[in-house]
Amino acid sequence: MKNHLLAIGLLAAFAPALGAQVRARTPFTANDALDVTTAQIADLSADGRWLLVTTASRRDGLGVDYRRDTDPTYLRVSPARVSLIDTRDGSQRDLFPTKVTVRSAQLSPDASRVAALVLRNDRLEPVVWDRASGRARTLPVPSGMYVAETSDLKWTADGTRLIVALHTDAWKRDEAAEFARMTRGPVFVQEGSDPFLTWDKLRRDGNMRAVYSLDATTGKATELLPMAMYQSFQLSEDDSLITWQADNTKKTDYDVIFGSDSRLMARRLSGDTPMELLPSVKGLSPVWARDGRHLAYSKEGRVYVRAIGDSAARQIAGPDSVSAARTASDTSPAARAARALARYAVVRWSPTADALLLSNAHGLWLAPLDRGAMTLVIATNDTVPSTPRVSPVAWSDDGRYLYLASASRSTWERGVTRFDRTTGQTMTLARDARLYGNVRLSKNGAVLVFSRGEGNHPQDVYIADAAMAGVRQLTTLNPALDSKTLASTRLINYHDADGKTRYGVVYLPAGYSTEQKYPTLFSVYEDFFDDTFDASLNVLSSQGYVVVKPSVGFETGFPGEAWLKGVTASANALVEAGIADSSKLGVYGTSYGGYATNLLITQTGRFRAAVNVSGKVDMVSFYTDSPRLGVRNIHAAEKSQDRIGATLWQQPQKYIAHSAIFFADRITTPLLLITGAQDPNVPADNTREMYYALRRLGKPVTWVNYMNSGHGTPGTTAEDFIDYHERISAFFDRQLKVAVKP
């Protein structure tokens, strides 16, 4: 108890200054949330001078046609500003006069041009922009074809051509007609003996495409791969070889979401016969080196590598078959731990293809291809709080320096570290309470670009040298937020009902005072640690609420207990610290968090108000629902997010026990249900069951169904987006801001 009281007690020191800073500010509203701008780093030139960035707001992405979700011929409109920044002086140039929906924006190797796929008239077009002239032109594609909705775009190494995937006009007509038949009829028949679920087949059809190179000057097209079903493809670094994954899936796979299989193939562009590198990649996740000629994958904890021209793959890490078989029967904790340490997974190749970065239960390792001694780069283990969370973000072109994003597991210490392969030393380049992301290193190793921001603030883009010194800010994306009342944040820790330490993120309203207790909302999902910017949460905090994101721990077969054990424990912590008013607690969540909210209030009457946004209430009907997602909902229930650990027929009682609808009579908490009528993820009909159940039982319930929207927050119109936030705020105000009757 002292731990979390101490953590929360730190809030008092910040309160007076906070109140003084924000008195002149105005509340952050849903309309403000629509205009918060975020940046994506698209590319960085080899010398680090030219930085390609796209920026967009939530308002830019409105207008989604959710009725066409999973239509392989549909692309969502998401306009963005595309800018080229000169990192020497920070000057910017926009590539297009207006915001455009763009994909795969990429600098040419010499940075003299930018290529991108731009959405125009419901089709992607290859566009090349010239830096010297500032002019953009659209490249033609072969007659009767267009850029595939599933395509990306790549420059060849010599900067003369672009690689794209194309569909035929006939393909588009056929697929659009099939989608219409499956959604509007007049008759839609599905046959259980077909190898694929009908919606799975439609999704897979998106990979039926041809691969072409387009001359970046003339637009002349050259076929590299004929029309077939390709899951992925790439050119080697020297442009002489093409590799691809040819779809080889036989039927719908119920064990893997969107499960598929393919053969890994290669062919020299000079015209040689295709080579089969792997007859099946199922469960292997192949990783290519930058040169496009070295391949790595892991299988049962063993790591294998193969180069083009090798007759077979060779193992470089992991247990040998003999010792693995000999120790498999030993199920003692020590033996299991030893086996886990001996198993490795591929993370990425070194730029020079002389080593692999691998992971195991102990941390990240560098493994040389000659199977020499491996080097521990950094120890990291989810079960050891003293080790940081790490992920590789960049690697110097000569292979010497490996950059890692690093974050403490117990406090807000986040930043970037650099491992030197020559010395074996790790250097901290940045470590503070700010959030870092989008780290890019120029090919010449001289320039780092990255995004950075204070807690609960959108991030801006920065530049520094390779040691992260001389940091300069390149963008100021949201100056309007300086006049808004954003929440301040603190990290807390507490013990759940099992005595395990959990963490939560507390967002305090502007002007927070330790002299009063606040109505408090708990935003639930799974684990929370970092204080990232959350627009919807700031709308609520601007209304005077403390908002908490608590973490929970799961056990397969008993997921419903997690929120009862974890969320109520975090509520205890806030109440005992004198922050939360115990009579004014609310809970809400979206998707899995909405499901958690509804299930939680069947187990406790602790909360006076609850909001379930796009969350299922009936695990039984959800199990075979949402046909557009194929086997996703079946897999989620059995094996992944829902963690039931069995099929509906193996453990039917588990599905009932984790369905709030069967315990609706126990609910005493006023409930607001919000759905999108076009949601293919958690169909609105599933949540609707709770509305009719509670109405039948005479309990307080409201159901809001946005008829044109999909999963979660409406992305259709500004009016729907604002209405959504205002309804939630008004609901909590009615339930939590009125005097409590004695």
Side-chain angles (χ1 to χ4, degrees), residues 257 521-528 536 549-568 570 586-604 606-607 609-626 629 632-646 648 651 653-664 666-667 669-677 679-694 701-706 709-713 724 728:
I257 299 175
L521 307 177
F522 294 83
S523 174
V524 300
Y525 198 78
E526 295 188 31
D527 281 338
F528 294 104
S536 295
K549 289 184 172 182
S551 294
V552 299
F554 293 91
E555 181 181 349
T556 299
F558 305 93
E561 297 179 2
W563 299 289
L564 182 64
K565 292 178 178 179
V567 179
T568 55
S570 69
V587 61
Y588 73 100
T590 299
S591 190
Y592 196 49
Y595 163 65
T597 296
N598 226 139
L599 198 59
L600 178 61
I601 62 173
T602 68
Q603 303 172 79
T604 178
R606 185 81 179 274
F607 302 95
V611 179
N612 171 357
V613 180
S614 299
K616 58 185 175 287
V617 303
D618 187 344
M619 189 69 77
V620 177
S621 59
F622 174 80
Y623 186 73
T624 53
D625 210 340
S626 196
L629 297 184
R632 185 267 179 190
N633 286 2
I634 293 174
H635 189 278
E638 292 178 2
K639 298 179 176 66
S640 49
Q641 191 170 48
D642 295 315
R643 303 171 175 87
I644 297 297
L648 175 63
Q651 295 282 345
Q653 74 280 4
K654 292 280 190 185
Y655 286 78
I656 293 174
H658 291 90
S659 297
I661 189 68
F662 290 102
F663 308 99
R666 301 181 185 178
I667 295 176
T669 305
L671 178 62
L672 173 62
L673 299 164
I674 298 179
T675 56
D679 187 352
N681 191 337
V682 180
D685 287 353
N686 190 290
T687 312
R688 179 187 65 179
E689 295 178 26
M690 183 58 71
Y691 168 74
Y692 283 105
L694 292 179
V701 62
T702 301
W703 176 31
V704 180
N705 193 23
Y706 291 93
S709 288
H711 195 65
T713 308
Y724 165 89
I728 292 176

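Model, not experiment: these values are computed from the prediction. If you read the sequence from its start, that first residue is 1, and numbering goes on from there. When reading the values below, keep in mind they use all heavy atoms of this one structure, side chains included, and skip hydrogens, waters and symmetry mates.
Here the shortest heavy-atom pairing between Ala684 and Ala677 reads CB-CA, 4.2 Å. Here the closest heavy-atom approach between residue Ile257 and residue Ser640 is recorded as CD1-OG, 4.2 Å. Residues Ser523 and Phe528 approach most closely at O-CE1, 3.5 Å, considering heavy atoms. Among all heavy-atom pairs drawn from Ala646 and Glu638, the shortest one is O-CG, 3.5 Å. Summarising the geometry of Phe522 relative to Pro550, their closest heavy-atom pair is CD2-CG, 4.4 Å, with the distance given to 0.1 Å. For Gly560 against Leu599, the heavy-atom pair with the smallest separation is CA-CD2, 3.7 Å.
Trp563 contributes a side-chain N or O that, together with a main-chain N or O of Tyr525, makes up a donor-acceptor pair within less than 3.5 Å. A donor-acceptor contact shorter than 3.5 Å links the side chain of Arg643 to the backbone of Gln641. Side chain of Ser614 to main chain of Gly712: a donor-acceptor pair is present (N/O by atom type, distance under 3.5 Å, no hydrogens or angles). Between the side chain of Gln651 and the backbone N or O of Gly557, no donor-acceptor pair lies under 3.5 Å. Distance alone, capped at 3.5 Å, is enough to place a donor-acceptor pair between the Thr687 side chain and the Gly615 backbone. Ser621 contributes no side-chain N or O that, together with a main-chain N or O of Asn686, makes up a donor-acceptor pair within less than 3.5 Å.
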Would you check, one step at a time, whether the test side-chain contact (heavy atoms from CB on, under 4.5 Å) holds for Tyr592 with Asp642?
CA-CA 8 Å; Tyr592 196 49; Asp642 295 315; 3.1 Å; yes
Report the C-alpha distance between Phe607 and Leu600 in whole Å, list the side-chain angles of each, state the deciding distance to 0.1 Å, and finish with yes or no for side-chain contact (heavy atoms from CB on, under 4.5 Å).
CA-CA 9 Å; Phe607 302 95; Leu600 178 61; 3.7 Å; yes
Run the side-chain contact (heavy atoms from CB on, under 4.5 Å) test on Val552 and Lys565 for me, step by step, so that the C-alpha distance in whole Å, both residues' side-chain angles and the decisive distance to 0.1 Å come before the verdict.
CA-CA 7 Å; Val552 299; Lys565 292 178 178 179; over 6 Å; no
Please evaluate residues Tyr595 and His658 with respect to the criterion side-chain contact (heavy atoms from CB on, under 4.5 Å), reporting the C-alpha separation (whole Å), side-chain torsions for both, the decisive distance (0.1 Å), and the verdict.
CA-CA 10 Å; Tyr595 163 65; His658 291 90; 3.3 Å; yes
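Considering NE2 of His711 and OG1 of Thr675, their distance stands at 11.5 Å, rounded to 0.5 Å. Here the straight-line distance linking atom OH of Tyr623 with atom CD1 of Ile644 works out to 10.0 Å at 0.5 Å rounding. Between Leu648 atom CG and Gln653 atom CD the span is 10.0 Å, to the nearest 0.5 Å. Rounding to the nearest 0.5 angstrom, the gap separating the CD1 atom in Ile667 from the CD1 atom in Ile601 is 4.0 Å. Atom CZ of Arg606 and atom OG1 of Thr568 lie 6.5 Å apart (nearest 0.5 Å). Put simply, CD1 on Ile634 and CG on Leu629 are 11.0 Å apart, with the number rounded to the nearest 0.5 Å.
Residues meeting the side chain to side chain contact (heavy atoms under 4.5 Å, CB included) test with Tyr724, sequence neighbours left out: Thr590, Val613, Ile674, Tyr706, Thr713, Pro714, Ile728. Scanning for side-chain hydrogen bond (donor to acceptor under 3.5 Å, both in side chains) contacts around Asn633 gives an empty result, with sequence neighbours left out. The side chain to side chain contact (heavy atoms under 4.5 Å, CB included) test applied to Ile656 returns Phe662, not counting sequence neighbours.
For Asn681 and Arg632, the side-chain atoms include at least one donor-acceptor pair closer than 3.5 Å.
Each of Ile661, Thr702, Val701 was checked for a side chain to side chain contact (heavy atoms under 4.5 Å, CB included) with Leu694, and the lone residue meeting it is Val701.
The cationic atom of Lys654 (NZ for Lys, CZ for Arg) lies less than 6.0 Å from the six-membered ring centre of Phe558 and within 45° of the ring axis.
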